[in-house]
> 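Have a look at this one.
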Number of protein chains: 2
Amino acid sequence: MSAQNPEQDLPEPRRAEPLDIERGDEVERTAPRSISAADRVRESILTGHFAPGARINEVHLSRALGVSRTPTRAALHALAAEGLVDYAHNRGFTVREFPLQAVLDAYQIRAALEGLACRLAAERGLADEQRAAMEQALRDGDDILRHETLNEDDLVAYRAMNVMFHDAILAAAQSRMLMEAVRLTLNMPGSTHRHIVSFKHDDVRRRHDDHHRLYQLIATGEGWRAEVLMREHVIGLAKQTV
Amino acid sequence: MSAQNPEQDLPEPRRAEPLDIERGDEVERTAPRSISAADRVRESILTGHFAPGARINEVHLSRALGVSRTPTRAALHALAAEGLVDYAHNRGFTVREFPLQAVLDAYQIRAALEGLACRLAAERGLADEQRAAMEQALRDGDDILRHETLNEDDLVAYRAMNVMFHDAILAAAQSRMLMEAVRLTLNMPGSTHRHIVSFKHDDVRRRHDDHHRLYQLIATGEGWRAEVLMREHVIGLAKQTV
DNA sequence: TTCAGCCAAACTGTATTCAGTTCGATTGAC
DNA sequence: GTCAATCGAACTGAATACAGTTTGGCTGAA
C-alpha cells in the first residue's frame with residue numbers, strides 16, 4: 001500500500017509565513033489550493049519523496065492533499081511547465097528523472113546565467129537593498145569561518161547566507177526572465193542552493209572568498225570580470241558536488 | 001464588443017501536421033483539448049493579437065476555443081508557467097507585458113545559453129542528423145545569398161534555414177533543460193526566430209558567415225571559440241532588431 | 001459635487017459527474 | 001507452456017454545477 005501510494009504521507013502545508021497577520025495596511029490573502037498543492041508536491045519531489053519516473057495517480061494525490069482533482073491537476077500542469085514532472089496525454093503525470101549528466105549540465109547552465117546576472121548587476125548598479133543583503137551575507141560568512149571546525153548550525157547558516165548572496169545579485173540584474181531561467185536550474189533534486197556541496201573548511205573559505213571578490217567587482221562596475229569569476233564559482237560547486 | 005472580447009476570433013486550430021496519418025507503425029494520437037487550446041492562445045499572444053496587460057476572461061476564451069473552462073484553465077496555467085501570462089489569485093490571468101528592456105535582456109540570456117550550447121555541441125560531437133541539418137542550412141543560406149536582392153520568399157526561406165541551424169546546435173548539446181531555458185527566451189513577442197531582424201543583404205551575409213564559422217568550430221571541437229562567436233552572433237541580432 | 005457604503009452582476013475557484021482511454025488480468029487456442 | 005484476444009476495472013479528460021470573491025455602479029448623505 002505505502003509502496004504503491006507514496007502520496008499518502010505528504011508534508012503538511014507548512015505555513016511558509018505566519019499568515020493572518022496584518023502587514024502594513026493589507027491582510028495577507030489565503031493562497032489558492034492549487035498553489036498550495038503545487039508547493040507541497042514540489043517539495044515532495046525535491047526532497048526525493050517521489051521516486052523519479054514514478055507515475056502520479058491523480059485520485060490518490062488529491063486525496064492525500066485533501067482537495068479535489070481539479071486543483072490537483074492544475075498544480076501538476078504547473079509543475080510540468082516548471083519541468084519537475086512530465087505529462088503524456090491519457091497517461092497523466094510522471095516524476096521527471098534527472099540523470100547525473102542532467103544535473104551536471106544544470107550547473108553549466110546556471111553558471112552561464114548567474115555569470116550574466118553578475119555582469120548586468122555591475123552595469124546597472126546595486127540598489128541599497130541588494131548592497132545591504134550582500135554585505136550582510138559577507139559578514140555572516142566571515143563569522144562562520146571564524147570557527148575552527150564547522151558544525152550543523154554552521155551548515156544551516158551557511159546555506160541561508162549563500163542564498164541571500166546569490167539572490168541579491170539576481171535581483172540587482174533586474175531581469176525577471178533571468179530569474180525564471182535560473183529557477184529552472186535550481187528546481188531539481190541535487191542541484192539546489194539547499195543541497196550539500198563540500199563543507200570542508202578550506203572549500204567553504206575558497207567559495208566565500210569568491211563572494212568577497214564578486215562583491216568588489218560588481219560594486220566597482222567591473223562586469224566582465226565579475227561574469228567570469230561567477231562562472232568559475234558555480235562550476236566549482238559542481239566539481240565539489242560529485 | 002470586439003474590443004472587450006478579443007477572444008472571439010482566434011486562429012483556427014491549424015493542424016500543425018496532417019494528423020491521422022500513419023507514421024511508421026504507430027497512429028498519431030489526437031492532441032488533448034488543453035494542449036490545442038494552449039497552442040492557439042500562445043499563437044494569439046505571440047502575434048500580438050492579445051494586448052499586453054489585458055485581462056483574459058475564462059468564459060469568453062473558452063467559448064472562443066469551443067471547449068469548457070476546464071481545459072481552458074489548464075492551458076492558461078501552462079502558459080503562465082511558460083511565462084507568457086501572469087496569474088493572480090481570484091483575479092485570473094493577464095497577458096504578460098514585455099517592455100523593450102525585457103526583450104533586450106532576453107537576447108543577452110539567449111546569447112549566454114546558445115553560446116553554452118555551442119560549447120557542449122563541440123565537446124559532445126555532432127550526430128549525423130544534426131550535421132546533415134546544419135550542412136543543409138548552410139547550403140540553403142548560400143542559395144538565398146546568391147540573389148542580388150532579397151524578396152519575401154527569401155525571407156521565409158531564411159527564417160526556416162535559421163531555425164534549422166540553431167535547433168540543430170541545441171539538439172547536439174543534448175540537454176533538455178538547456179532547450180527549455182532557450183525556449184523561455186524565444187516565447188516572447190519580438191524575440192523570436194520568426195521575428196524580423198535586419199534583412200539587408202550585407203547583414204544577412206554577415207550573419208550567414210557566422211553560421212559557416214560556427215559550423216567549422218563545432219565540427220573541429222573548438223568549443224570555447226564557438227561559444228564566444230555564438231554569443232557575439234546573438235547579441236548582433238539584438239543590435240539589428242532595435 | 002464628492003465620497004463612503006452597499007448591492008448585484010460577473011467572474012474565478014473548487015467539487016462533482018460523466019465520458020473515453022488505458023492497462024492488466026483472464027481466458028482460450030495453438 | 002506460450003501467446004493473442006478480450007473483458008473489465010481503474011484511470012484520465014472534459015463538462016457542468018455550485019460556492020466564494022471581486023468589481024463596478026448606484027444611492028444617499030455630507
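We name chains A, B, ... by the order of the sequence lines, and we start the count at 1 in each one. No experiment lies behind these values; they were computed from the predicted model shown.
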> Tell me, please, which residues at least two apart from R119(B) pass side chain to side chain donor-acceptor pair (under 3.5 Å).
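Here the qualifying residues are Q108(A), E227(B).
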
> Of all residues at least two apart in sequence or in a different chain, which pass the ring pair (Phe, Tyr, Trp, His ring centres under 6.0 Å) check with F165(A)?
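F165(A) satisfies ring pair (Phe, Tyr, Trp, His ring centres under 6.0 Å) with H211(A) only.
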
> Just the table, please: protein N/O against nucleotides 9-12 of chain C N/O, every pair under 3.5 Å.
residue	atom	partner	partner atom	Å
dC11(C)	OP1	N57(B)	ND2	3.0
dC11(C)	O5'	N57(B)	ND2	3.1
dT12(C)	OP1	I56(B)	O	3.3
dT12(C)	OP2	E58(B)	N	3.3

> Rounded to whole angstroms, how far apart are CG on L61(B) and P on dA15(D)?
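The answer, rounded to whole Å, is 13 Å.
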
> With sequence neighbours excluded, what pairs up with Y158(A) under the ring pair (Phe, Tyr, Trp, His ring centres under 6.0 Å) test?
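With sequence neighbours excluded, Y158(A) shows a ring pair (Phe, Tyr, Trp, His ring centres under 6.0 Å) to F199(A), given in chain and number order.
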
> Would you indicate, yes or no, if dA15(C) has its OP1 or OP2 atom less than 4.0 angstrom from a side-chain nitrogen or oxygen of S68(A)?
yes

> List for me each residue that meets side chain to side chain donor-acceptor pair (under 3.5 Å) alongside R183(A), sequence neighbours excluded, and say none if there are none.
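Not a single residue meets the side chain to side chain donor-acceptor pair (under 3.5 Å) criterion with R183(A).
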
> Side chain to side chain donor-acceptor pair (under 3.5 Å) with E58(A): which residues, sequence neighbours excluded?
R69(A), R73(A)

